[in-house]
Amino acid sequence: MAKDITPQQRKFVQEYLKSGNATAAAIAAGYSARSAASRASKLLETPGVIEYRRSLEKKLFDEMGISKEWIGTRLVEIVKACMEKVPAYRWNPETRRDERNGEKLLDANSAIRALHELNEHMNFADGEQSAAESIEDWLARQEGSKL
């Protein structure tokens, strides 16, 4: 586990994971406020710092029960929800309310984004998908799996 980083770099990573703000994390770790932004940028690209950050993130995700499978399951749920048509509403100036207009619409933008995220996840999840397998095939396979 990232043995080649300093205690100050470890503190930076810990603070960064708490706040998500690299500049504030650098200052909290004891780096100069004047150079904190540039120092933080360099720290985030330092191999030992990256390794230590990933190990802490993995530990946190393990404690939370978040895994590649869990993420895949949530993404499949999102894709399915986005692919369902929902009632459409239109503003009625007479009643001054949104009212159903009888149409059902697909949230295409959200569906495309969810499919993109699912595709990225499949590429990230080592060996989950062969190059020739489509997203639709992968989704069909998941219906019977523990995902």
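Hydrogens, waters and symmetry mates play no part in the numbers below; they use all other heavy atoms, side chains included.
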Flag, side chain of Thr46 to backbone of Gly48, donor-acceptor distance under 3.5 Å: no
Holding to side-chain hydrogen bond (donor to acceptor under 3.5 Å, both in side chains), I want the full list of residues that pass it with [X], two or more places apart in sequence or in another chain.
X	answer
Asn21	none
Arg54	none
Arg39	none

Shared ILVMFWY cluster between [X] and [Y], side chains joined below 4.5 angstrom?
X	Y	result
Leu17	Ile27	no
Ile50	Tyr16	no
Val13	Leu44	yes
Ile78	Ile71	no

Ser67 and Glu69 side chains, donor-acceptor separation under 3.5 Å: yes
What distance do [X] atom [atom1] and [Y] atom [atom2] have between them, rounded to the nearest 0.5 Å?
X	Y	atom1	atom2	result
His116	Leu75	NE2	CG	11.0 Å
Lys11	Tyr31	NZ	OH	12.0 Å
Leu43	Gln8	CG	CD	8.0 Å
Gln14	Arg53	CD	CZ	13.5 Å
Arg10	Ile5	CZ	CD1	4.5 Å
Leu60	Ser55	CG	OG	11.5 Å

Residues Glu77 and Arg74 bridged, charged N to O under 4.0 Å: yes
Derivation and outcome, salt bridge (charged side-chain N to carboxylate O under 4.0 Å, His left out), residues Glu15 and Lys18: CA-CA 5 Å; Glu15 293 297 326; Lys18 285 181 194 174; 3.5 Å; yes
Nearest heavy atoms of [X] and [Y], plus distance in Å:
X	Y	answer
Ala36	Ala26	O-CB, 3.8 Å
Glu103	Asn101	N-OD1, 3.0 Å
Ala22	Phe12	O-CE1, 3.3 Å
Asn92	Glu94	OD1-N, 2.8 Å

Test log, rule side chain to side chain contact (heavy atoms under 4.5 Å, CB included), inputs Trp91 and Arg96: CA-CA 7 Å; Trp91 178 256; Arg96 300 181 50 88; 3.9 Å; yes
